*Asks:* 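Sending over a structure as structure tokens; questions will come in a sec.
Here the structure is a predicted model, which means the values were calculated and not measured.
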Amino acid sequence: MAYDHHDDHGHPAHHSHSHTQPHSHGQGHGDDVDWAAMASLLETEAEAHTPAYERALAWLGEEVAEPGLIVDAGSGPGVIACLLAQTFPGARVVAADGSAPLLERARARADRQGAADRFDTITGELPDSLQELEYPADLLWASRSLHHLGDQKAALTAFAARLAPGGTLAILEGGLAARYLPRDLGFGRPGLQTRLDAAQEDRFATMRAQLPGSVAETEDWPALLAAAGLKHTGTRSFLLDIPAPVPERARAFVVTALTRARDGYAGALDAEDRATLDRLLDPADPGSVHRRPDVFLLAAHTVHRAVRPVA
């Protein structure tokens, strides 16, 4: 199982995370997966969203002062895991994911950033793979990986069990779907992204229903954290606001997200919307996201924080 880090329901978008159109934290992938392409896609997304992640980690740092061990559960290619290493320079960081090729990318990134000596990986299915941890974590981060696990309540309980007393569990789930384009593009029917959101919601519901051991839960994350024996200490949303004209990194992410949307949801769209997406993704078209000056990136990431009681 590789953990989808791309959504924007943050759902496909961090190998399937939010309902962006790219991410996948817990879905199994077949042997025909092009892992180099997948890793590049996930890295493009996470790098574009880095400003919001940095603010979220700074907020966690207000509660988690000097962690000894940090675990990124569902790390994908390690962009956020390496941000954790930068934010907490005294910590050992463990990236845990079901995809060995993605973890290879994570180790290489940590090496490039000078953190290899305190960076480790665990390959295997969450949450069971966390049994391999040598000692409890002071901070366990799960960014849109939880919703790829069939029994989310049981997974939270398992995550909580891997925390040291006083340790913090932070989950990134929910938020607001990303927006990249004006409602009226100048061609096609206005409101395309709203219809893409609806298609993504349907796909996400199907994905959840098909997971092994899937259990329907009300997505009241503070209540679920409390049910896992933790004390909810805060929820905050972090805005990603990159106005037009966007830098090339953000534009590349928008191209990736809309390409995934066209490939993944074409069957749920009418002919006019499919034609609109084709124009948006045609590099030769002046109205495409490759060339138009009004492309932007606006999203909100919501993080829920909870602590394991000391006694």
*Asks:* Distance-only, no hydrogens or angles: does the Arg292 side chain make a donor-acceptor pair with backbone N or O of Leu185 under 3.5 Å?
*Replies:* yes
*Asks:* So how far is it from Phe204 CZ to Asp197 CG, rounded to the nearest 0.5 Å?
*Replies:* 13.5 Å
*Asks:* So, Arg236 and His301: side-chain donor and acceptor under 3.5 Å apart, yes or no?
*Replies:* no
*Asks:* What heavy-atom pair brings Phe159 and Ala142 nearest, and what distance separates the two atoms?
*Replies:*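 Phe159 and Ala142 have their closest heavy atoms at CE1-CB, 4.0 Å.
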*Asks:* Could you tell me if Thr233 and Glu63 have a donor-acceptor pair between their side chains, going purely by distance under 3.5 Å?
*Replies:* yes
*Asks:* When you check the gap from the basic side-chain N to the acidic O, do Asp270 and Arg189 get nearer than 4.0 Å?
*Replies:* yes
*Asks:* Show your reasoning for whether side-chain contact (heavy atoms from CB on, under 4.5 Å) applies to Thr168 and Leu163.
*Replies:* CA-CA 7 Å; Thr168 293; Leu163 290 175; 5.9 Å; no
*Asks:* Is there a path of hydrophobic side-chain contacts, each under 4.5 Å between heavy atoms of I/L/V/M/F/W/Y residues, joining Leu103 to Val94?
*Replies:*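 No: no chain of side-chain contacts under 4.5 Å links Val94 to Leu103.
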*Asks:* Would you tell me whether Glu173 and His147 have side-chain atoms, one donor and one acceptor, within less than 3.5 Å of each other?
*Replies:*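 His147 and Glu173 do have a side-chain donor-acceptor pair below 3.5 Å.
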*Asks:* Run the side-chain contact (heavy atoms from CB on, under 4.5 Å) test on Arg195 and Leu192 for me, step by step, so that the C-alpha distance in whole Å, both residues' side-chain angles and the decisive distance to 0.1 Å come before the verdict.
*Replies:* CA-CA 5 Å; Arg195 294 187 293 280; Leu192 173 65; 4.1 Å; yes
*Asks:* Can a salt bridge be assigned to the pair Arg109 and Glu47 using a cut-off of 4.0 Å between side-chain N and carboxylate O?
*Replies:* yes
*Asks:* Are Thr256 and Thr44 close enough that a side-chain donor and a side-chain acceptor fall under 3.5 Å?
*Replies:*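 Not at all, the side chains of Thr256 and Thr44 share no donor-acceptor pair under 3.5 Å.
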*Asks:* Hey, are Arg179 and Asp241 close enough for a salt bridge, meaning a charged N less than 4.0 Å from a carboxylate O?
*Replies:* no
*Asks:* What is the distance from atom CD1 of Ile70 to atom CH2 of Trp141, rounded to the nearest 0.5 Å?
*Replies:* 11.0 Å
*Asks:* Answer yes or no on whether Arg279 is positioned over the face of Phe187, meaning its NZ or CZ is under 6.0 Å from the six-membered ring centre and within 45° of the axis.
*Replies:*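 Yes; both conditions hold, so Arg279 lies above the ring face of Phe187.
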*Asks:* Looking at Leu139 and Ala170, what are the two nearest heavy atoms and their distance?
*Replies:* CD1-CB, 4.4 Å
